[in-house]
K.L.:
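Okay, here's the structure, questions in a sec.
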Amino acid sequence: MSENIIGYLDKEGRIIDTQSAPENCECKPIAYDNSPEALEIIRHSTAHLMAQAIKELYPSAKFFVGPVVDEGFYYDFRVDEKIGEEDLKRIEKKMKELIKKKYAIEKYTLPRSEALEKFKEDDLKQAVLSRIDSDEVSIYKQGDFEDLCRGPHVPSLRFLHHFKLTRVAGAYLGGDENAEMLTRIYGVAFADKESLKNYLTMLEEAKRRDHRKLGAELGLFMFNEEAGSGLPFWLPKGAKLRYKLEQLLHKAHLDRDYLPVRGPEILKADMWRTSGHYACYGENMYLTEIDEQEYGIKPMNCIGHILIFKQTPKSYRDLPLRFYEYGVVHRHEKSGVLHGLLRVREFTQDDAHIFCRPDQIADEVLQVVEFVDSVMKLFGFEYSMEIATKPDKAIGDDAVWELATDGLKQALKSRNLPYTIDEGGGAFYGPKIDIKITDAIGRKWQCGTVQVDFNLPERFEVEYVAEDNSRRRPVMIHRAILGSFERFIGILTEHYAGEFPFFIAPLQVIVVPIGDAHLAYAEELRSRMRAIGVDAEISSKNESLNKRIRNAEKQRVPYVIVVGDEEVNNRSVAVRNRRTREQYNLSFDQFMVELANQLHEGTI
RNA sequence: GCCGGUGUAGCUCAGCUGGUAGAGCAACUGAUUUGUAAUCAGUAGGUCGGGGGUUCAAGUCCCUUCACCGGCUCCA
């Protein structure tokens with residue numbers, strides 16, 4: 001065995017560790033490096049090493065499972081003591097001590113029945129065994145620590161060096177909300193020091209971009225403890241940013257033949273019974289009573305649009321009919337899931353419902369997908385699409401679901417658009433395409449969604465008159481591009497690290513007059529900029545020039561312009577361009593042209 | 001909702017084993033009128049998240065509640 005080999009890939013592409021490989025295996029060796037296969041082995045073994053360390057520090061610990069996940073690994077276990085962030089350092093230290101002992105990692109197998117007997121005192125191991133079908137199970141042993149495990153593992157602890165335990169968490173046994181909660185520790189591991197360092201740097205970068213931190217620094221939004229959690233307040237800068245986004249998208253909707261509508265915030269509970277929300281979504285709804293009648297605050301906007309559609313008889317000539325609304329919705333999200341602007345209890349969706357004939361579905365879905373594409377490109381997001389199918393809690397026949405799901409698949413296939421399947425992830429009334437965007441530092445977020453719905457039109461007896469004068473049922477396509485303004489602005493803030501593109505920046509230009517003598521000129525510049533719709537402010541407080549420039553830069557304003565004697569005399573500006581990080585001089589008229597061009601970039 | 005953690009001036013934080021609060025920045029006032037990332041000086045700011053308890057004495061200990069943070073489950 002070569003020094004550097006930690007496992008093999010067999011013909012089917014499965015990873016086999018050195019402990020399991022047969023003598024004359026015709027397998028491809030896996031070297032100790034950062035390949036996905038090698039990392040899988042390294043991380044899994046690091047999880048075991050962590051378990052061994054935990055067992056030494058907390059002898060009462062019992063272990064459940066310790067798999068490899070996206071960026072690292074975790075191990076779930078039960079322990080009498082409370083484990084906090086500080087304890088991670090102790091565990092890491094113990095892990096390093098264990099490495100020095102250079103234990104080999106050995107494997108042996110047992111018949112299932114013997115394993116059941118061997119672990120009869122350990123209910124968590126029993127739980128693991130109950131999830132395994134095979135008659136034979138494997139045990140890995142390092143020093144005096146052994147664990148029921150499928151592998152793969154590195155040959156020896158001496159291969160483990162570059163790891164870090166990142167967080168402690170609680171996790172339900174088997175992911176079941178009603179089951180016991182175990183302690184989970186997450187960690188990361190790499191084959192070399194540099195990769196670990198890069199990963200930790202990325203975490204720092206994510207922290208630096210955190211929209212909650214930037215939101216406070218830039219004066220975008222706030223929350224108020226007394227007012228209630230999950231209820232955002234938009235501060236002037238944030239409201240401006242949001243307003244610009246709304247305007248931009250409003251124009252885009254009008255260009256695409258959408259019609260603005262608006263429904264009420266609260267509807268009688270019977271409406272929600274008809275729609276199925278009461279039964280399927282009731283636990284997330286805020287209900288109240290008015291004049292002895294039960295009402296529900298809307299968690300979605302569909303009903304309003306349906307009732308507006310039904311207000312007058314519709315002809316096939318009216319279809320597709322596209323209603324859109326910046327719909328404020330309220331959802332009782334569990335307290336523990338609230339997270340800045342990314343998960344709140346009151347939010348505004350850029351929601352639309354397209355009423356169309358079944359044969360128009362594919363076209364409409366594609367148009368929405370193209371709409372999404374142009375918005376994502378505008379903000380420089382990559383994205384992927386996922387088709388989510390019928391969930392457990394759902395309304396409507398399987399046949400209808402299949403029809404709708406096929407419609408979505410066909411639309412994407414017709415343009416060779418790639419997608420993956422999220423089994424059981426659909427809305428209760430129909431399947432959907434979820435759009436997952438990838439931000440500047442590689443994180444994925446779900447925002448936009450397209451949902452095909454045959455069920456609500458049925459329940460509300462929505463119809464149109466066809467060419468042959470018969471009554472037909474339209475299909476509803478629910479869709480959102482941004483998802484919600486709250487979540488999208490949170491993501492945008494992190495994507496741009498607070499340096500928003502000019503066309504949505506809440507404050508676009510700060511004019512810094514060097515002295516009082518230049519104030520009149522600065523004011524003239526400001527009013528001319530305002531006249532073309534540019535948000536400009538003057539920084540004329542009695543502070544040093546350097547400090548005023550520093551403060552302007554900290555606000556991440558796209559342009560800081562400095563004006564003194566020279567500029568007043570030449571009717572020019574000294575520009576600091578935040579995007580290009582350049583400093584240059586322009587006549588004011590030229591600068592105005594530059595601003596107008598930048599404003600125009602926000603058109604889709 | 002569940003597990004673990006945190007909560008001191010607008011913000012970032014200090015306050016040892018209980019002896020009734022402190023810094024920097026921000027704010028305000030004055031001086032300074034500045035050429036590209038923090039001018040100097042002074043003033044004012046806190047029922048230590050809320051409520052209850054233990055104690056001669058609580059920011060510090062206990063209970064409870066609210067909010068936030070890291071996750072789980074859920075989700076735009």
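Each chain gets a letter, A, B and so on, in the order its sequence line appears, and its residues count up from 1.
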K.L.:
Looking only at N and O atoms, is any donor in the side chain of R576(A) or the base of A37(B) less than 3.5 Å from an acceptor on the other one?
P.N.:
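Yes, the side chain and the base share a sub-3.5 Å donor-acceptor pair.
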K.L.:
Quote, to the nearest angstrom, the P distance that separates G24(B) from C66(B).
P.N.:
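Nearest-Å result for G24(B) against C66(B) at atom P: 37 Å.
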K.L.:
For A21(B), give its Watson-Crick or G-U wobble partner with both distances under 3.5 Å, or none.
P.N.:
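By the stated definition (distances under 3.5 Å), nothing pairs with A21(B).
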K.L.:
Which nucleotide, if any, forms a Watson-Crick or G-U wobble pair with U60(B), using both distances under 3.5 Å?
P.N.:
none
K.L.:
Which whole-number value in Å describes the distance from E543(A) CD to G30(B) P?
P.N.:
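Whole-Å distance recorded here is 14 Å.
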K.L.:
Can a salt bridge be assigned to the pair E217(A) and K213(A) using a cut-off of 4.0 Å between side-chain N and carboxylate O?
P.N.:
yes
K.L.:
How many whole angstroms separate atom CG of L88(A) from atom P of G5(B)?
P.N.:
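Answer to the nearest Å: 12 Å.
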K.L.:
Indicate whether OP1 or OP2 belonging to A38(B) is found under 4.0 Å from a side-chain N or O atom of K541(A).
P.N.:
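For K541(A), the contact criterion (side-chain N or O under 4.0 Å from OP1 or OP2 of A38(B)) is not met.
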K.L.:
Please report the distance, rounded to the nearest Å, between CG in N569(A) and P in G35(B).
P.N.:
16 Å
K.L.:
Return the NE2 to CG distance between H253(A) and L248(A), rounded to the nearest 0.5 Å.
P.N.:
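These two atoms lie 11.0 Å from each other.
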K.L.:
Going by a 90° cut-off around 0, is G45(B) syn or anti?
P.N.:
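Syn conformation here, the glycosidic angle of G45(B) being no more than 90° from 0.
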K.L.:
So E226(A), base contact, sugar-phosphate only, or nothing? Heavy-atom distance under 4.0 Å.
P.N.:
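Since no nucleic acid heavy atom lies under 4.0 Å of E226(A), the category is nothing.
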K.L.:
Examine U36(B): is either OP1 or OP2 under 4.0 Å from a nitrogen or oxygen in the side chain of N546(A)? Give yes or no.
P.N.:
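Answer is no, no contact under 4.0 Å.
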K.L.:
Determine the interatomic distance between C1' on C63(B) and the same-named atom on A23(B); round to the nearest Å.
P.N.:
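My reading of the C1' atoms in C63(B) and A23(B) gives 34 Å.
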K.L.:
Looking at CZ of R579(A) and OH of Y496(A), how far apart are the two atoms once the value is rounded to the nearest 0.5 Å?
P.N.:
8.5 Å
K.L.:
Round to a whole Å and report the spacing from OH of Y75(A) to P of C3(B).
P.N.:
23 Å
K.L.:
Just how far, in rounded Å, is C1' of C3(B) from CZ of F77(A)?
P.N.:
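In whole Å, C3(B) C1' and F77(A) CZ are 12 Å from each other.
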K.L.:
Are the side chains of R90(A) and K94(A) in contact, using a 4.5 Å heavy-atom criterion?
P.N.:
no
K.L.:
Using a strict threshold of under 4.0 Å (side-chain N to carboxylate O), is an ion pair present between D122(A) and K62(A)?
P.N.:
no
K.L.:
Using Watson-Crick or G-U wobble geometry with both distances under 3.5 Å, which nucleotide pairs with G7(B)?
P.N.:
C66(B)
K.L.:
Under 4.0 Å between any heavy atoms, over every strand shown, what does I549(A) touch: base, sugar-phosphate, or nothing? Just pick one.
P.N.:
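If one applies the 4.0 Å heavy-atom cut-off, I549(A) turns out to touch a base.
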K.L.:
Quantified in whole Å, what is the C1' atom distance between nucleotide G4(B) and nucleotide U73(B)?
P.N.:
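To the nearest whole Å, 16 Å.
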K.L.:
With respect to the side chain of K547(A), which nucleotide from G5(B), U36(B), C25(B) is positioned closest?
P.N.:
C25(B)
K.L.:
Report, as a single string ordered 5' to 3', how protein heavy atoms within less than 4.0 Å touch nucleotides 67-76 of chain B: B base, S sugar-phosphate only, - not at all.
P.N.:
SSSBBBBBBB
K.L.:
Name the residue closer to the 5' end of RNA chain B, choosing between H332(A) and V575(A) according to the nucleotide with the nearest heavy atom.
P.N.:
H332(A)
K.L.:
Paired with C2(B): which nucleotide, if any, by Watson-Crick or G-U wobble criteria at under 3.5 Å for both distances?
P.N.:
G71(B)
K.L.:
Which distance, rounded to the nearest 0.5 Å, do you find between the CD of E333(A) and the CZ of F347(A)?
P.N.:
6.5 Å
K.L.:
Scan N551(A) against the nucleic acid and name what it touches under 4.0 Å (heavy atoms): base, sugar-phosphate only, or nothing.
P.N.:
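Nothing: the residue N551(A), judged by heavy atoms under 4.0 Å, touches no strand.
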K.L.:
Write down the distance between CD (E81(A)) and P (C3(B)), rounded to a whole number of angstrom.
P.N.:
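Those two atoms, CD and P, are 17 Å apart.
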K.L.:
Does the gap between the ring centers of Y75(A) and F63(A) come in under 6.0 Å?
P.N.:
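Yes, close enough.
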K.L.:
Could you check how far CG of D76(A) sits from C1' of G4(B), rounded to whole Å?
P.N.:
14 Å
K.L.:
Please name the nucleotide paired to U43(B) by Watson-Crick or G-U wobble geometry with both distances under 3.5 Å, or report none.
P.N.:
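For U43(B), the partner nucleotide comes out as A27(B), under the 3.5 Å rule.
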K.L.:
Using the P atom as the point on both nucleotides, what is the distance between C69(B) and C11(B), in whole Å?
P.N.:
15 Å
K.L.:
Once the angle between the rings of F591(A) and F588(A) is folded into 0 to 90°, is it parallel (under 30°), tilted (30 to 60°) or perpendicular (over 60°)?
P.N.:
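If you compare the ring of F591(A) with that of F588(A), the planes turn out tilted.
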K.L.:
For atom C1', what is the distance between G10(B) and A27(B), given to the nearest Å?
P.N.:
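The same atom, C1', in both gives a distance of 8 Å.
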K.L.:
Output the rounded distance in Å from CD (E86(A)) to C1' (G4(B)).
P.N.:
11 Å
K.L.:
With sugar-phosphate meaning primed atoms plus P, OP1 and OP2, does A552(A) contact a base, only sugar-phosphate, or nothing at under 4.0 Å between heavy atoms?
P.N.:
nothing
K.L.:
Can you tell me, in whole Å, how much space there is between the C1' of A44(B) and that of C3(B)?
P.N.:
44 Å
K.L.:
With a non-hydrogen cut-off below 4.0 angstrom, is L182(A) in contact with a base, only sugar-phosphate, or nothing?
P.N.:
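Answer is nothing: L182(A) stays at 4.0 Å or more from every strand.
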K.L.:
Describe, in one word, how the ring planes of H211(A) and H339(A) are oriented to each other, choosing from parallel (under 30°), tilted (30 to 60°) and perpendicular (over 60°).
P.N.:
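Correct class here is tilted.
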K.L.:
Could you measure between the two P atoms, the one in U64(B) and the one in G1(B), and give it in whole Å?
P.N.:
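The same atom, P, in both gives a distance of 16 Å.
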K.L.:
What distance, rounded to whole Å, do you find between the two C1' atoms, one in C48(B) and one in G42(B)?
P.N.:
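Rounded to whole Å, the distance is 27 Å.
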K.L.:
Check whether any side-chain heavy atom of Y258(A) sits under 4.5 Å from a side-chain heavy atom of F323(A), and report yes or no.
P.N.:
no
K.L.:
Does the base of G35(B) carry an N or O that pairs as donor and acceptor with the side chain of E567(A) under 3.5 Å?
P.N.:
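Side chain to base: pair present.
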